[in-house]
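Read through the structure below, which is laid out as structure tokens, and then see the notes.
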Amino acid sequence: MSIRERMSGNEAVAYAMRQIDPDVFAAFPITPSTEIPQYFSTYVDNGEVDTEFIAVESEHSAMSTCIGAQAAGCRAISATS
């Protein structure tokens, strides 16, 4: 019998983001997506992804960061509400 691992939806999103390996991640912790930056930051810290993790001050600044990064040619992602 095989062992099944379970993960939350937020953990699954962070895991999928790890596979994407974005250049920039603008993170603003807000419910219900607070866990996504928490999980993804461990991937950044462990060196599993080469992503610039930017903690921003609001949802608007997260979007502005992504727009600026994409205008510069980066693959950018955010996980706010």
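- In terms of modelled atom types and a separation under 3.5 Å, the side chain of D23 and the main chain of I77 share no donor-acceptor contact.
- Looking at D21, its side chain does come within 3.5 Å of a backbone N or O of D50 through a donor-acceptor pair.
- Put simply, the side chain of R75 reaches to within 4.5 Å of the side chain of I20, judged on heavy atoms.
- Atom OG of residue S33 and atom CD of residue Q38 lie 10.0 Å apart, to the nearest 0.5 angstrom.
- Under the 3.5 Å distance criterion, with hydrogens and angles disregarded, no donor-acceptor pair is assigned to the side chains of S61 and S64.
- Counting heavy atoms from C-beta outward, V24 and T51 have side chains that stay 4.5 Å or more apart.
- With a 4.5 Å cut-off on side-chain heavy atoms, S78 and M63 do not count as touching.
- The closest side-chain heavy-atom distance from M17 to I36 is below 4.5 Å.
- Under a 3.5 Å cut-off, the side chain of N46 and the backbone N or O of T42 do form a donor-acceptor pair.
- Around CD of E57, the count of heavy atoms belonging to other residues, nucleotides or ligands within 6.0 Å does not exceed 12.
- Note on ring orientation: taking the six-membered ring where Trp is involved, the planes of F53 and F40 are parallel (angle under 30°, cut-offs 30° and 60°).
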Please lay out, stage by stage, how F25 and C66 fare under the test side chain to side chain contact (heavy atoms under 4.5 Å, CB included).
CA-CA 8 Å; F25 178 46; C66 287; over 6 Å; no
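- A continuous path of hydrophobic side-chain contacts links V56 to I30 [ILVMFWY only; heavy atoms under 4.5 Å].
- When side chains are defined from C-beta on, Y39 does not count as touching Y15, because their heavy atoms never get closer than 4.5 Å.
- A heavy-atom distance below 4.5 Å is not found between the side chains of E35 and E11.
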